[in-house]
Amino acid sequence: MAKVNQIGLEKSEYRGAPTTLCAGCGHNSISNQIIATAYELNLVPEDIVKFSGIGCSSKSPTYFLGRSFGFNSLHGRMPSVATGAMFGDQSLEAIAVSGDGDTANIGMGQFKHIMRRNVPMVYIVENNGVYGLTKGQFSATAEKGLSLKSQGNNPYMSVDIVMEALTSKATFVARSFAGDASQVKELIKAAISHNGTAILDIISPCVTFNDQAGSHHSYEWTKQHREMLHDFSYVPFTEEIHIDEQQAGEVQTVRMHDGSQVVLKKLERDYDPTDRFKAMQVLQQANEENILLTGLIYVEEDAPSLMDLHQLPKDKALNRFEEDDLRPSKESLQMISSLMF
Amino acid sequence: MAKVNQIGLEKSEYRGAPTTLCAGCGHNSISNQIIATAYELNLVPEDIVKFSGIGCSSKSPTYFLGRSFGFNSLHGRMPSVATGAMFGDQSLEAIAVSGDGDTANIGMGQFKHIMRRNVPMVYIVENNGVYGLTKGQFSATAEKGLSLKSQGNNPYMSVDIVMEALTSKATFVARSFAGDASQVKELIKAAISHNGTAILDIISPCVTFNDQAGSHHSYEWTKQHREMLHDFSYVPFTEEIHIDEQQAGEVQTVRMHDGSQVVLKKLERDYDPTDRFKAMQVLQQANEENILLTGLIYVEEDAPSLMDLHQLPKDKALNRFEEDDLRPSKESLQMISSLMF
Amino acid sequence: MTEQSLMKESSTETRVVNDFSITVATVNGSGSQTSNLTILRSLFKMGIPVSSGNLFPSNIQGLPTWYTIRASKDGYTARTETHEIVIAMNVATFAEDLAKVSPGGAFYYADHLKLDIGRDDIAVYPVPAKDLAKKSGAPSQLRSYVGNMAYVGVLAHIIGIDMEKIKDALDFHFKGKEGPVNLNFGVIEEAAKWAKENLEKQDPFYVENMEGMTEDCIMATGNTAGALGSIYGGVQFCGWYPITPATSLPEAVKHYIPGLRDKPELDGKTYAIVQAEDELAAIGMCVGAGWAGLRSMTSTSGPGISLMTEFIGLAYYSEIPVVIWNIQRVGPSTGMPTRTSQGDLSQAYYIGHGDTEHIILLPSSVNECFEFGWKSFDIAERVQTPVFVLSDLDLGMNQGMTEAFNYPDKEMDRGKVLWEEDFEKMTERWGRYLDVDDDGIPYRSIPGNRNSKSAYFARGTGHDDYAAYTEKPDDWEKNMARLVLKFKTAQEYLPSPVIKQKEGAKIGMIAFGSTESAIAEAQDILESKNVPADFLRIKALPLTDSVKEFIESHDTVYVVELNRDGQMHQILTVEYPKLTEKMVSLTKHNGYSLSAEWVVSELLKKEQE
Amino acid sequence: MTEQSLMKESSTETRVVNDFSITVATVNGSGSQTSNLTILRSLFKMGIPVSSGNLFPSNIQGLPTWYTIRASKDGYTARTETHEIVIAMNVATFAEDLAKVSPGGAFYYADHLKLDIGRDDIAVYPVPAKDLAKKSGAPSQLRSYVGNMAYVGVLAHIIGIDMEKIKDALDFHFKGKEGPVNLNFGVIEEAAKWAKENLEKQDPFYVENMEGMTEDCIMATGNTAGALGSIYGGVQFCGWYPITPATSLPEAVKHYIPGLRDKPELDGKTYAIVQAEDELAAIGMCVGAGWAGLRSMTSTSGPGISLMTEFIGLAYYSEIPVVIWNIQRVGPSTGMPTRTSQGDLSQAYYIGHGDTEHIILLPSSVNECFEFGWKSFDIAERVQTPVFVLSDLDLGMNQGMTEAFNYPDKEMDRGKVLWEEDFEKMTERWGRYLDVDDDGIPYRSIPGNRNSKSAYFARGTGHDDYAAYTEKPDDWEKNMARLVLKFKTAQEYLPSPVIKQKEGAKIGMIAFGSTESAIAEAQDILESKNVPADFLRIKALPLTDSVKEFIESHDTVYVVELNRDGQMHQILTVEYPKLTEKMVSLTKHNGYSLSAEWVVSELLKKEQE
Ligand SMILES: Cc1ncc(C[n+]2csc(CCOP(=O)(O)OP(=O)(O)O)c2C)c(N)n1
Ligand SMILES: Cc1ncc(C[n+]2csc(CCOP(=O)(O)OP(=O)(O)O)c2C)c(N)n1
Ligand code: SF4
Ligand code: SF4
Ligand SMILES: [Mg+2]
Ligand SMILES: [Mg+2]
């Protein structure tokens with residue numbers, strides 16, 4: 001018999017349709033980590049809802065969590081669709097996948113505005129610096145000067161998803177690399193525990209159009225220039241955290257909204273992910289040194305989410321309300337009419 | 001006889017149609033400073049082209065520089081129209097006016113992308129925290145928690161135009177206040193000298209919908225919380241700069257692309273506007289202290305503009321080319337055909 | 001009444017009672033709205049049928065604006081081409097306003113505008129606005145506002161408005177707050193007194209209390225009515241972006257919904273209203289919400305609709321209910337944002353790339369804005385598609401007299417939705433786009449449904465009956481053919497046209513939306529000229545068969561509309577190609593609402609051809 | 001040729017020469033394109049008229065894809081419904097591909113796909129793809145690519161492709177680089193040799209060198225042709241955003257323009273190409289550039305057009321020239337991005353809120369894509385309005401045989417533009433929107449004009465003759481009426497329809513765009529069945545009078561198109577309401593291009609009704 005998790009589901013029950021992406025595409029690795037996360041966190045697939053825009057990356061929600069609802073929407077417009085949909089049943093957990101083109105080019109406006117509203121969702125940018133699905137044009141995250149055979153030189157300044165998220169006061173910002181399965185997975189877990197928009201910028205190489213060694217979105221470059229901010233691990237709220245006395249000074253824990261915690265063990269740097277401005281500073285420095293920092297970059301656990309702001313009922317999904325609660329009484333209409341001079 | 005400037009124009013020749021904005025609107029003050037700038041810098045009105053989106057602010061180009069071409073385009077889409085139009089005659093100087101709604105709400109995407117491309121233009125955001133023309137709804141720059149009688153409380157996080165510009169690697173970023181005519185004027189002068197996108201975030205109170213004392217976009221609040229980064233003055237390239245020896249340590253000069261210079265005299269702070277990251281830091285701190293910093297926040301003079309990148313001819317406007325240069329020869333077509341297997 | 005005016009009155013043969021229009025010319029932002037509404041409301045309270053039209057500029061303060069009130073004992077509410085009474089408070093348009101007055105009409109003007117009159121075919125009354133404002137003791141920034149009350153008083157005296165009703169109107173306006181009521185009423189009384197003492201009645205226009213026409217009526221704007229209708233329709237999500245003249249609809253939702261829908265026994269709100277960053281996001285949120293099972297709506301105008309094009313196509317093809325109000329203004333492009341139009345009809349009907357078709361509701365009155373407010377949700381959820389409600393600036397923003405709103409006479413129709421228990425009972429395999437009932441309408445499930453068979457992946461890409469991605473030619477064709485069938489089915493859920501007949505009519509008129517009042521009035525005028533014409537009003541698209549029958553049964557049918565190209569005429573031509581010879585297009589499109597006079601004269605011109 | 005096959009050949013009564021189709025089934029991303037193009041090009045070099053169609057999925061790698069080559073000695077280039085030769089290289093679609101082969105046809109398959117054949121009505125040939133790839137010594141990641149060359153060799157031997165021509169084709173493909181040419185040619189020769197030794201000819205299909213049909217022809221895609229046409233039209237600005245199937249057009253502009261337009265005597269470029277952040281920005285830039293006097297263009301597909309709606313309305317109303325290519329794919333919504341369609345016609349014609357109307361060019365061939373590439377700029381600048389060029393995926397992305405491009409036979413028409421010297425000479429007051437010539441087309445000035453009278457403030461809001469803001473009803477009406485006149489004038493600048501007559505024809509067919517080839521073939525088939533039909537091809541909208549005459553002069557006219565709702569039929573109905581009885585709509589819309597067989601059978605069905 002296949003192994004099951006605590007709610008009795010096999011890992012296969014978290015899968016979706018077979019992928020139609022290229023063999024080796026970073027996006028597939030991320031899909032696998034989403035599957036692993038959901039399995040390991042014992043999530044009920046029916047409690048999850050998936051969103052995406054258009055692109056190779058945005059196709060990927062077909063390839064995980066086949067038992068969850070999902071909406072493959074329009075290019076660059078996933079944030080608005082997710083915002084509206086999340087009002088439907090506020091108990092659902094949203095996992096959204098977008099691409100760098102989908103998010104930073106056509107989707108820049110909606111991306112920035114979803115963070116202002118702190119819509120509760122995991123927002124993964126599968127960042128490869130190009131438009132995969134339309135065959136390799138530069139996206140806004142491509143580094144200035146990147147040269148691609150079919151495209152020439154990229155003349156424009158690049159967008160840094162993480163800096164954008166920090167500037168927009170996003171309440172959870174992380175970066176990872178599709179090649180680092182365990183970091184990706186732990187970060188997704190933490191993101192799921194977060195009450196608000198959790199931005200995950202994941203470098204996810206496009207093996208077909210942008211994986212040559214020099215490119216900042218290639219496996220090779222990323223592996224060589226990556227530095228972890230900390231050793232990151234996620235502890236579900238059901239488990240206790242044990243920290244050696246010896247380690248104490250080296251470890252920081254952050255308590256997530258749902259009671260789980262993330263444990264950050266110090267590596268090279270002293271890094272406090274609850275200080276937004278320091279985060280910007282450290283990142284900026286790393287950029288200048290050509291270092292790609294990964295890990296949990298910023299988190300703010302006490303900001304209200306959009307659903308909190310709109311005071312939705314706690315016990316009943318908005319989409320389960322019926323005529324009784326939705327249509328005011330006949331008397332009220334008379335009252336209103338009498339006000340209509 | 002009325003006074004004329006060095007090219008023999010009266011100030012009135014820089015005016016436009018009579019304003020139809022509200023009496024006391026900050027936007028009118030800014031229009032006046034644009035007029036004064038053009039007059040004082042001896043600009044030929046025909047060498048200027050104006051752009052705007054839609055809003056009270058975007059109406060204002062009708063009210064200055066009546067002898068310049070202009071395009072009152074679509075809501076939030078001025079940046080793209082300006083980008084395309086600037087290819088027409090690369091010798092023109094572009095002055096664009098937008099509103100906070102026009103720029104930070106519907107226009108967020110285009111705003112961010114114009115900076116990536118460094119389109120040569122002065123981009124003024126007449127920032128009042130509301131939608132004036134549609135009667136006072138919150139814009140994205142309205143501070144969180146702002147309360148307006150007809151609108152209730154603003155629940156969402158605010159957009160900081162200057163931080164956005166810095167994050168987007170804009171090459172000229174400044175902030176001012178419509179109530180400070182001389183600072184506005186000097187900054188516009190410097191912006192005009194800049195070769196690239198010059199972002200000017202000007203707090204410009206809406207006296208009709210958002211000028212109550214507590215509002216961060218009111219005359220009163222701004223006057224009380226404003227701090228100047230430096231004493232800023234613009235020196236045209238025709239003039240020499242004289243700096244006392246005594247002052248030397250207190251003064252920084254920045255040479256603009258056209259040879260003019262800006263002179264920054266130290267006030268409270270030690271501030272170097274050529275360090276983008278420091279700029280972010282200083283701003284962030286000021287935000288936390290509820291201080292509105294004004295002045296030249298960042299400038300980078302050696303970045304190529306979009307026109308440089310596209311290697312447009314230096315001596316002749318692109319829109320003056322004719323058939324001779326635009327239609328390849330008959331022979332070339334035969335050559336090409338022979339390649340069409 | 002003074003003796004003098006009594007005398008005058010009895011000597012005036014052509015006494016015109018409750019049947020004329022009053023136009024007030026002011027500067028916008030000068031606070032004349034309270035004055036104008038006070039006149040309007042006091043006439044209404046006197047039992048006189050009234051309507052109003054506000055011709056305002058696209059800015060906030062300082063430009064000319066005209067407010068017209070029509071009093072019509074017969075209940076006509078359309079714009080008229082004549083100006084019996086004009087009140088000139090704006091120096092900039094003084095000459096123009098003076099010229100406008102119909103011969104035999106009355107001209108009131110602020111007496112500090114010392115300008116030449118030079119017309120002797122009209123009655124002329126000065127209004128001592130400045131003096132009275134000064135006397136009122138109001139603070140200086142309020143003077144022009146208070147000054148506007150002066151013309152109310154003078155007018156009230158001259159045409160005989162019931163002072164009690166004026167008080168009522170002010171009471172209503174200031175929600176009973178004594179301070180402002182008294183201040184304003186004081187000025188009005190003062191002005192009336194001044195008029196009594198200084199002016200002599202020279203014109204034939206009077207108002208008198210009347211009965212039988214307005215008792216069951218209320219006064220509201222179409223946008224308020226639409227908002228209330230939406231609330232009674234159970235709106236759960238409203239995502240919107242400000243744009244004139246659509247803004248006041250969602251703002252009214254926001255204003256009224258807490259009082260009507262918040263209940264102590266619920267631990268939260270049953271709705272959410274989000275001002276989006278633009279129209280793409282507004283409709284995106286609405287589509288998301290509609291997909292997630294919420295009654296979702298937006299309100300915008302032409303430019304906003306254009307921006308929504310891609311999303312509306314997605315909603316059509318992925319079959320998501322959403323209600324879209326378009327309060328039409330004059331396009332193309334930014335056009336004239338503060339003028340009225342019926343120019344977005346074809347756009348709404350066909351919007352989107354590829355083959356599409358959309359349901360459109362066409363309210364003609366404030367009352368119907370309420371009705372379509374709730375019905376639109378039933379239709380959208382039943383048919384699983386976007387539903388447009390096409391109102392316009394005239395209907396949406398002007399205070400109009402209307403029958404009191406009727407409480408919804410049907411239970412909510414949530415359409416074919418499957419919840420957990422439905423899936424548990426199900427024996428066959430469910431397909432999101434499977435046509436089980438042969439009516440083209442499939443069954444949908446809603447995110448949050450915890451049954452493991454209920455989930456599907458919604459998409460704008462080619463999909464088969466089971467919502468799976470497909471590029472197969474037959475899948476595509478089958479699905480698109482089902483959509484055609486679905487829109488045929490839709491017809492039975494749409495409001496049918498209404499027909500007003502005239503005896504012996506051989507010709508007909510077809511119209512829709514806010515022009516109804518002008519057409520109905522034109523019908524009466526035509527009858528009086530012995531040109532009886534029937535009138536069919538289209539309430540919805542796609543068309544139902546009775547429209548066809550109407551055309552068939554008349555010699556000529558005039559399709560009257562407020563746009564340049566005759567868009568409804570074009571749609572009728574496409575739908576009924578065999579009847580094209582009978583249809584004649586009559587169009588007007590200059591930003592003004594339709595007048596009966598224009599309809600009559602254009603129609604008679606064509607009849608004579 | 002071996003004795004054996006010679007024998008076979010002479011014994012085959014039904015020898016079919018240069019008249020069949022070859023379909024290759026592969027996996028996308030497996031590198032079969034070079035093989036397929038090599039077959040296509042070698043046949044073309046043999047003088048055989050050829051066409052190709054690539055049916056590919058909307059992903060990058062790993063899904064089934066089919067490439068069809070039609071060889072037609074009579075020069076027909078439309079898709080056919082029959083599959084005489086099928087080459088199966090993809091295990092996933094093996095059964096389906098096998099079933100597809102027409103009775104009497106030939107089936108080639110990669111012999112490592114060890115699957116059942118089980119049909120005895122067809123010839124069957126294994127292709128030793130894997131073995132040969134291995135033998136070639138190619139590195140492992142190139143094996144499937146090299147393996148694809150194997151079917152070229154086997155096919156070449158069996159149907160008799162001229163080996164020299166294959167060499168030519170490879171030479172062209174690899175731009176003469178010896179390494180890859182030899183490698184690939186080696187595999188092909190090896191495979192042909194293997195076939196010669198191991199296979200026996202069992203089918204009737206042959207190719208032979210021929211003359212007289214292709215000598216003046218070249219081979220290109222519509223998108224390449226459109227790009228070149230634009231370059232010869234003097235494109236100065238191209239703002240675009242990637243979308244299938246429109247991407248390759250701007251990419252071709254970018255590829256070809258430096259070589260054709262850069263000149264040593266100029267100190268810079270005479271063009272700029274900007275990949276925008278989305279379609280709203282792309283069209284925004286183009287509108288800005290068009291306003292600033294540049295020949296400006298964009299290229300997109302349905303979803304992109306939908307996003308451009310608001311800007312296109314602005315360009316219509318502020319009268320800015322811009323060329324918009326829509327390479328149509330199947331909508332609504334994201335639809336089927338890699339399938340062809342004519343479904344965006346109505347959208348293009350009427351796009352925008354308010355009353356609008358747009359010029360549309362409808363290229364039917366690769367050659368015409370070139371022609372409309374340059375003409376579109378002349379028309380856009382002459383009429384000062386957006387011009388759509390509606391191509392489609394089939395025409396845009398498939399290599400098609402076409403007459404060599406004709407160099408523009410007219411000087412550039414820059415339209416009514418005023419520069420400094422014109423203003424200096426001017427005596428009257430210039431008005432940007434003044435109709436001086438009574439043709440509805442005003443004179444425009446361009447930013448950068450240094451004459452102080454030349455400036456104006458462009459706007460999408462209501463404007464008068466002098467471009468000043470106005471809300472006056474008469475200004476609005478007058479301007480909109482002028483636009484109607486302008487579009488009437490436009491007709492004289494548009495390409496006229498072409499008519500192909502058949503003797504004794506009482507019926508006609510109307511079509512447009514890429515379906516021409518199918519209709520022309522259908523015409524011949526119909527003639528052979530004694531149903532002669534004339535054929536009018538619409539090249540542009542708005543329609544010109546000859547279309548009307550064509551309809552009038554036939555008993556029935558079939559309007560044939562690739563969409564669901566018969567969009568051209570609808571437009572014809574609106575334009576010619578009196579002729580509706582004569583028009584019958586024939587539509588097909590499943591993502592495939594039209595076939596003559598379908599046209600014939602549908603038309604005959606209707607004729608019999
Ligand atoms: C409105 C619109 N414009 C363009 C496209 C074409 N398109 C599809 S995917 C894509 C880019 C995707 O890039 P990215 O988001 O980086 O995803 P990736 O494929 O690289 O994972 C584009 C431009 C579209 N589908 N819709
Ligand atoms: C597409 C579109 N949506 C909405 C509008 C309506 N509208 C006009 S101005 C405006 C907001 C302007 O706000 P801002 O840019 O801050 O300018 P302000 O009036 O405050 O100066 C809006 C929403 C429009 N004209 N076009
Ligand atoms: S093209 Fe690139 S992004 Fe798309 S599936 Fe292939 S590797 Fe991944
Ligand atoms: S409404 Fe506000 S922004 Fe608009 S003109 Fe008046 S003061 Fe200025
Ligand atoms: Mg990408
Ligand atoms: Mg504003």
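Order of the sequence lines sets the chain letters (A, B, ...), proteins ahead of strands, with each chain counted from 1. Only a predicted model underlies this, so the values are computations on that prediction, with no experimental measurement involved.
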From C:K578 NZ over to D:E581 CD, what is the distance, rounded to the nearest 0.5 angstrom? 6.0 Å
Between chain D and each of C:A315, C:G591, C:A481, C:G352, count heavy-atom pairs under 4.5 Å; write down the option with the most. C:G352
Please classify the contact of D:T461 with chain C as side chain, backbone, both or neither, using a heavy-atom distance under 4.5 Å. both
Between D:G343, D:G460, D:G566, which has the largest tally of heavy atom pairs under 4.5 Å with chain C? D:G460
Can you tell which part of D:L55 gets under 4.5 Å to a heavy atom of chain C, answering side chain, backbone, both or neither? neither
Checking D:Q567 against chain C: side chain, backbone, both or neither under 4.5 Å from a heavy atom? side chain
D:R564 versus C:E357, closest heavy-atom pair with distance: NH2-OE1, 4.4 Å
Contact summary for D:S333 and C:G313, nearest pair of heavy atoms: CB-O, 3.9 Å
Tell me which of these, C:G462, C:G335, C:G304, has more heavy-atom pairs under 4.5 Å with chain D than the rest. C:G335
Please identify, among D:V330, D:I312, D:T338, D:L579, the residue contributing the most non-hydrogen atom pairs under 4.5 Å to chain C. D:V330
Just checking D:K478: does its NZ atom have more than 12 heavy atoms from other residues, nucleotides or ligands closer to it than 6.0 angstrom? no
Nearest 0.5 angstrom please: D:M480 CE to C:D565 CG, how far? 7.0 Å
Gap between atom CD1 of D:I305 and atom OG1 of C:T309 - 0.5 Å precision: 11.0 Å
Output side-chain donor-acceptor pairs under 3.5 Å for residues 569-577 of chain D, partner residues at least two apart or in another chain, one line each.
residue : atom : partner : partner atom : Å
D:H569  : NE2  : D:M583  : O            : 3.4
D:T573  : OG1  : D:H569  : O            : 2.6
D:E575  : OE2  : D:Y349  : OH           : 3.3
D:Y576  : OH   : D:T544  : O            : 3.4

Smallest heavy-atom separation, D:P303 atom then C:E310 atom, equals CB-OE2, 3.6 Å
Examine whether an atom of D:T470 lies under 4.5 Å from a heavy atom of chain C, and if so say whether it belongs to the side chain, the backbone or both; otherwise answer neither. backbone
Can you measure from NZ (C:K472) to CG (D:N590) and round to the nearest 0.5 angstrom? 13.5 Å
For the OG1 atom of D:T587 and the CG atom of C:D355, what is their distance to the nearest 0.5 Å? 8.0 Å
Using heavy-atom distances under 4.5 Å, tell me whether C:P337 contacts chain D through its side chain, its backbone, both, or neither. side chain
Of the backbone (N, CA, C, O) and the side chain (C-beta and beyond), which part of C:E471 lies under 4.5 Å from a heavy atom of chain D, both, or neither? both
For chain D, the option from C:W476, C:Y592, C:Y317 that forms the most heavy-atom pairs under 4.5 Å: C:W476
More than 12 heavy atoms of other residues, nucleotides or ligands under 6.0 Å from NZ of C:K548: yes or no? no
Are side-chain heavy atoms of C:Y316 and D:P332 found at a separation under 4.5 Å? yes
C:F311 portion near chain D, given a 4.5 angstrom heavy-atom threshold: neither
Of all of C:V484, C:D474, C:D475, which one pairs up most often with chain D through heavy atoms under 4.5 Å apart? C:V484
Could you tell me the separation between the CG atom of D:L345 and the NE2 atom of C:H353, rounded to the nearest 0.5 Å? 14.5 Å
Interface residue of largest heavy-atom contact number with chain C, from D:P57, D:S301, D:S341, under 4.5 Å: D:P57
Taking side chain as everything from C-beta outward and backbone as N, CA, C, O, which of these in C:T356 sits under 4.5 Å from a heavy atom of chain D? Side chain, backbone, both or neither. both
